[in-house]
Asker: 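Can you keep this structure in mind? I'll have questions shortly.
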Amino acid sequence: DQLRKATILINKKTYTLKRETRNGKVIFYVILTDFRHKIGKYPYTLTADYGTTQVKEKGIINITAKKNIVLIQDINQNFRAVYKRTPTFTEWLKWATEVLAGITKEQLQIKLQAGR
C-alpha cells in the first residue's frame with residue numbers, strides 16, 4: 001500500500017491520522033485531544049488517499065471511554081498474533097472501522113481469529 005494521507009471526519013471536524021514507524025513497524029493513529037463531545041455515537045468518514053484512488057469507509061463511532069484509543073493501538077498487535085505479519089493499511093482500515101463501531105478487545109480478537 002502506498003498510502004499518502006489518511007483522515008477521519010467526526011462531527012464536521014477532520015483529523016489527520018499520524019504515521020509512525022516503531023520498532024520497524026508502521027502504525028497509524030489519531031489522538032482526539034480536542035474532541036469535546038459527550039459519550040455517545042457519532043457518524044464518521046475514514047478516508048485513505050493512495051494518490052490515484054481513495055478508499056472511504058463510513059460508520060458510527062461509539063465514544064464510550066478511552067478504550068477505543070487503546071483498541072486502535074491494539075489492531076496491529078492482535079493482527080500480527082493471528083497472521084504473523086503487520087496488516088496492510090486496507091486491512092487496518094477494515095479493523096479500525098470495527099473498533100470505531102465499538103467492539104471490545106475480546107470481540108476484535110475473536111473476529112480476527114474467525115477471519116483467518
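This structure is a prediction, so every number in the text was calculated from the model and none was measured.
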Asker: Could you tell me which residues satisfy side-chain hydrogen bond (donor to acceptor under 3.5 Å, both in side chains) with Gln109, sequence neighbours excluded, listed by chain and number?
Answerer: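 In terms of side-chain hydrogen bond (donor to acceptor under 3.5 Å, both in side chains), with neighbours along the sequence ignored, Gln109 is linked to Asn78.
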Asker: Measure across Ala48 and Leu93 and return the closest heavy-atom pair with its distance rounded to 0.1 Å.
Answerer: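 Closest pair (atom of Ala48, atom of Leu93, distance): CB-CD2, 4.5 Å.
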Asker: With sequence neighbours left out, what residues match Ile110 under side chain to side chain contact (heavy atoms under 4.5 Å, CB included)?
Answerer: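 Testing Ile110 for side chain to side chain contact (heavy atoms under 4.5 Å, CB included), a comparison that skips the adjacent residues, returns none.
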Asker: For a side chain to side chain contact (heavy atoms under 4.5 Å, CB included) check, start with the C-alpha distance between Gln77 and Phe79, then their side-chain angles and the critical distance, and finish with the verdict.
Answerer: CA-CA 6 Å; Gln77 178 183 356; Phe79 190 95; over 6 Å; no
Asker: Establish whether Leu108 and Leu46 are linked, either directly or via other cluster members, by ILVMFWY side-chain heavy-atom contacts under 4.5 Å.
Answerer: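 Yes, because Leu108 and Leu46 connect within a single hydrophobic cluster, where side-chain heavy atoms sit under 4.5 Å apart.
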Asker: Between atom CD of Glu57 and atom OG1 of Thr90, what is the distance when rounded to the nearest 0.5 Å?
Answerer: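 The distance works out to 9.5 Å.
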Asker: Could you tell me the separation between the NZ atom of Lys94 and the OG1 atom of Thr88, rounded to the nearest 0.5 Å?
Answerer: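 Nearest 0.5 Å value for the NZ-OG1 distance: 10.5 Å.
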Asker: Taking C-beta and beyond as the side chain, do Ile60 and Tyr42 meet within less than 4.5 Å on heavy atoms?
Answerer: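 Ile60 does not reach Tyr42 side chain to side chain.
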Asker: Please enumerate all residues that pass salt bridge (charged side-chain N to carboxylate O under 4.0 Å, His left out) together with Glu98, with sequence neighbours excluded.
Answerer: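 For Glu98 the salt bridge (charged side-chain N to carboxylate O under 4.0 Å, His left out) partners, ignoring immediate neighbours, are Lys111.
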Asker: Indicate, with yes or no, if Tyr83 and Phe89 share a hydrophobic cluster defined by side-chain heavy-atom contacts under 4.5 Å among Ile, Leu, Val, Met, Phe, Trp and Tyr.
Answerer: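 As far as the 4.5 Å side-chain criterion goes, Tyr83 and Phe89 are connected within one cluster.
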Asker: Can you name the residues that form a ring pair (Phe, Tyr, Trp, His ring centres under 6.0 Å) with Tyr44, not counting sequence neighbours?
Answerer: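 Tyr44 satisfies ring pair (Phe, Tyr, Trp, His ring centres under 6.0 Å) with no residue once adjacent residues are dropped.
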Asker: Quick one: pull up CG in Asn76 and CD in Glu91 and give me the separation to the nearest 0.5 Å.
Answerer: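 Taking CG in Asn76 and CD in Glu91, the distance rounds to 10.0 Å.
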Asker: Output the distance between atom CG (Asp49) and atom NZ (Lys5), rounded to the nearest 0.5 Å.
Answerer: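 These two atoms lie 8.0 Å from each other.
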Asker: Who passes side chain to side chain contact (heavy atoms under 4.5 Å, CB included) against Lys56, sequence neighbours left out?
Answerer: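 Testing Lys56 for side chain to side chain contact (heavy atoms under 4.5 Å, CB included), a comparison that skips the adjacent residues, returns Thr45, Thr47, Gln54.
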Asker: With sequence neighbours excluded, tell me which residues meet side chain to side chain contact (heavy atoms under 4.5 Å, CB included) with Thr53.
Answerer: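 Per chain and number, Thr53 pairs via side chain to side chain contact (heavy atoms under 4.5 Å, CB included) with Tyr50.
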Asker: Identify whether Val82 and Trp92 are in the same connected component of the hydrophobic contact network (ILVMFWY, side-chain heavy atoms under 4.5 Å).
Answerer: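 Yes, Val82 and Trp92 fall within the same hydrophobic cluster.
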